[in-house]
Amino acid sequence: MTIKWTDDLNTGIEVIDKQHMRIVDYINDLENARQKQDKEAVRQVLDDLVDYTLSHFAFEESLQEEAEYKYCKPHKKVHELFVRRVNEYMERFKLGNDVSAEIHSLLSLWLINHIKRDDADYVVAVKANMIGIISEKKKKKDDGWFKRFFKQRN
Ligand SMILES: [Fe+2]
Ligand SMILES: [Fe+2]
């Protein structure tokens with residue numbers, strides 16, 4: 001079944017939503033390749049999907065650390081456990097077992113659930129931190145202008 005992007009999947013952080021959309025696209029590509037019974041395409045999509053998901057997790061974790069999100073560690077742990085499960089399936093797949101249906105349902109169920117629940121939870125902290133960084137930069141810029149202005153007058 002194709003996953004359709006719905007509003008409740010949006011976190012409100014554009015860069016994160018774009019990455020999640022890309023992951024959903026990969027999951028749909030996996031389903032297409034599976035239906036065509038194209039084993040090589042399945043392998044390729046799986047490799048890309050795992051790769052992309054790993055870098056997405058790392059990106060998310062760094063945003064959370066920077067924002068001092070209070071569940072940063074448990075969130076990282078949840079990512080790690082998921083990666084371990086996916087890797088187990090990948091090993092079986094590489095040994096020639098056709099576990100692509102199981103991988104597909106794990107990915108679609110787990111990721112959608114994770115986006116809606118766990119990822120939605122860090123949004124407030126990360127957004128507040130992002131806004132803080134922007135206004136801090138603006139303040140520094142204003143300070144610079146302010147000082148320059150008075151230097152010229154004195
Ligand atoms: Fe995520
Ligand atoms: Fe996450």
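Note that ligands are numbered from 1 as they come in the structure, with each ligand's atoms numbered from 1 the same way.
- To the nearest 10 degrees, the Fe ion (ligand 1) sees NE2 of His20 and NE2 of His56 at an angle of 90°.
- The cationic group of Arg43 does not satisfy the cation-pi geometry with Phe93, failing either the under 6.0 Å distance to the six-membered ring centre or the 45° limit from the ring axis.
- Side chains of Thr2 and Asn28: a donor-acceptor N/O pair is absent below 3.5 angstrom, by distance only.
- Between the side chains of Asp119 and His20, at least one donor-acceptor pair of N or O atoms lies under 3.5 Å.
- When the N, O or S atoms of His75 are ranked by distance to the Fe ion (ligand 2), NE2 comes first.
- Salt-bridge check for Asp121 with Arg117: failed, with every basic side-chain N at 4.0 Å or more from each acidic carboxylate O.
- Between Trp110 and His114, the ring-plane angle classifies as parallel under the 30° and 60° cut-offs.
- Metal site remark for the Fe ion (ligand 2): Asp119 contributes an N, O or S atom at a distance under 2.8 Å.
- In summary, an N, O or S atom of Glu60 is located under 2.8 Å from the Fe ion (ligand 1).
- The angle that His79 NE2 and His114 NE2 make at the Fe ion (ligand 2), rounded to 10°, works out to 90°.
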